[in-house]
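Worksheet for the structure shown next.
Any value given below was found using the heavy atoms of this structure, including those in side chains, with hydrogens, waters and symmetry copies removed.
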There are 2 protein chains.
Amino acid sequence: MVECALRLLDEVGLPDLSMRRLASELDVQPSALYWHFVNKQSLLAAVADRILDAVPEPDADWTVAATARAIRDALLAYRDGAEVVMSTYALRLGARRAQAALVASLGGAGTDAATADAAFEFILGHVTLLQQRMHAQSIGAVDADAADPTANADEVFEAGVAAFAALSASRRRV
Amino acid sequence: MVECALRLLDEVGLPDLSMRRLASELDVQPSALYWHFVNKQSLLAAVADRILDAVPEPDADWTVAATARAIRDALLAYRDGAEVVMSTYALRLGARRAQAALVASLGGAGTDAATADAAFEFILGHVTLLQQRMHAQSIGAVDADAADPTANADEVFEAGVAAFAALSASRRRV
DNA sequence: ACCTGAACACCGTTCAAGT
DNA sequence: ACCTGAACACCGTTCAAGT
């Protein structure tokens with residue numbers, strides 16, 4: 001059922017992922033879904049967890065850049081993946097996993113927890129905006145003369161990662 | 001009319017900011033709104049621009065930290081402010097203003113544009129998550145024994161800002 | 001344990017018609 | 001130029017009742 005929701009998300013996007021549509025995809029009445037999940041929020045939280053399952057276990061041998069890229073790629077693997085994770089982040093059902101991976105890469109606990117959180121917030125913001133632009137582009141709701149907005153996404157991402165990696169390196173020197 | 005939408009947003013939050021509700025607040029039929037805006041998206045884009053109007057003009061004398069804080073505070077000034085800006089960011093109707101301010105603070109054009117974009121993505125991600133947690137808390141949809149999730153938000157924000165400020169400083173040294 | 005059927009209180013958007 | 005009235009095709013969620 002979460003699998004079906006994940007597949008549907010990738011097909012139609014978050015705005016069109018409705019309980020009714022998911023139900024009909026499962027050949028079931030909409031009300032049937034509420035035996036399995038109390039509401040749509042918790043269904044989406046389960047979907048968000050599944051998306052972040054692709055992030056590898058925390059490992060201190062990974063660089064911040066590598067971990068950041070792994071998280072980014074997990075979010076990019078499904079349409080509107082970042083927005084789903086963001087919208088259910090408050091419930092903290094998954095996410096910890098990704099943050100733990102970042103903490104490990106930053107090389108230490110304690111003082112680096114805040115930096116890991118900040119790095120995670122950057123990644124989520126980055127990918128959400130990127131996926132939004134991808135959608136706007138597919139709709140054609142963008143100036144035709146404007147340059148492909150997703151073209152320099154990698155450059156921006158690397159700039160952000162470089163900032164956090166530099167901070168991490170300077171701390172290690174201390 | 002945008003003013004009314006802004007006020008309503010702050011009162012009821014983004015999920016409850018419907019065209020129908022806004023219409024009734026204006027003592028008008030819902031269909032009347034569509035003479036002024038083609039759809040809800042463009043109405044929200046206008047609201048997003050209004051939110052970012054509070055960000056000061058680009059000024060090279062401002063530090064990255066100061067500019068970042070100004071943007072954060074503009075987003076925090078209205079309920080769900082960051083989410084509104086994110087959801088309409090693809091259209092690029094405002095946002096440029098905030099990014100220009102960051103570019104100026106980073107002290108230069110060209111090579112720092114990507115860093116400014118990354119910093120902006122961090123701020124948006126940070127505040128979106130913060131406001132989401134604030135909402136979850138007001139609903140009580142969070143473990144009662146968990147520590148106030150907004151408590152260390154400042155620390156996380158400063159850690160992120162420090163990362164971008166450090167990168168900017170090291171570039172200046174070159 | 002798991003699902004149906006029917007209802008409740010909503011949505012965004014369109015469009016002829018009014019003034 | 002600006003708004004109404006009525007409709008269309010949807011929503012999330014609840015709850016008695018079925019099996």
Per nearest nucleotide of DNA chain C, the residue lying toward the 5' end, R20(A) or H36(A), is H36(A)
Of P30(A) and M19(B), the one whose nearest nucleotide on DNA chain C sits closer to the 5' end is P30(A)
Under the rule of Watson-Crick or G-U wobble with both distances under 3.5 Å, where | means paired to another strand and [ ] a crossing pair, DNA chain C maps to ||.|||||...|||||.||
Salt-bridge contact E158(A)-R69(A) (side-chain N to carboxylate O under 4.0 Å): yes
With L76(A) as partner, the option from I71(A), I51(A), L130(A) fulfilling side-chain contact (heavy atoms from CB on, under 4.5 Å) is L130(A)
The side-chain contact (heavy atoms from CB on, under 4.5 Å) partner of R50(A) among V84(A), V2(A), L9(A) is V2(A)
Discussion item. Parallel, tilted or perpendicular: which one describes the rings of F122(A) and F164(B), with boundaries at 30° and 60°?
Written reply: perpendicular
Sorted by position of nearest nucleotide on DNA chain D, 5' first, the leading residue of S18(A) and A32(A) is S18(A)
In whole Å, measure the gap between the P atoms of dA9(D) and dA9(C) for me.
23 Å
So OG of S42(B) and NE2 of H36(B): to nearest 0.5 Å the spacing works out to 12.0 Å
(Q) What I'd like to find out is whether the side chain of P30(B) reaches to under 4.5 Å of the side chain of L22(B), using heavy atoms alone. (A) no
Residues E121(A), R72(B); criterion salt bridge (Lys or Arg N to Asp or Glu O under 4.0 Å); working and verdict
CA-CA 13 Å; E121(A) 289 169 351; R72(B) 178 198 58 176; over 6 Å; no
Chain B reaches DNA chain D, atoms under 4.0 Å from its heavy atoms, from dA1(D) to dA7(D)
Where the side chain of D117(B) meets the backbone of V156(A), is there a donor-acceptor pair that is under 3.5 Å apart? no
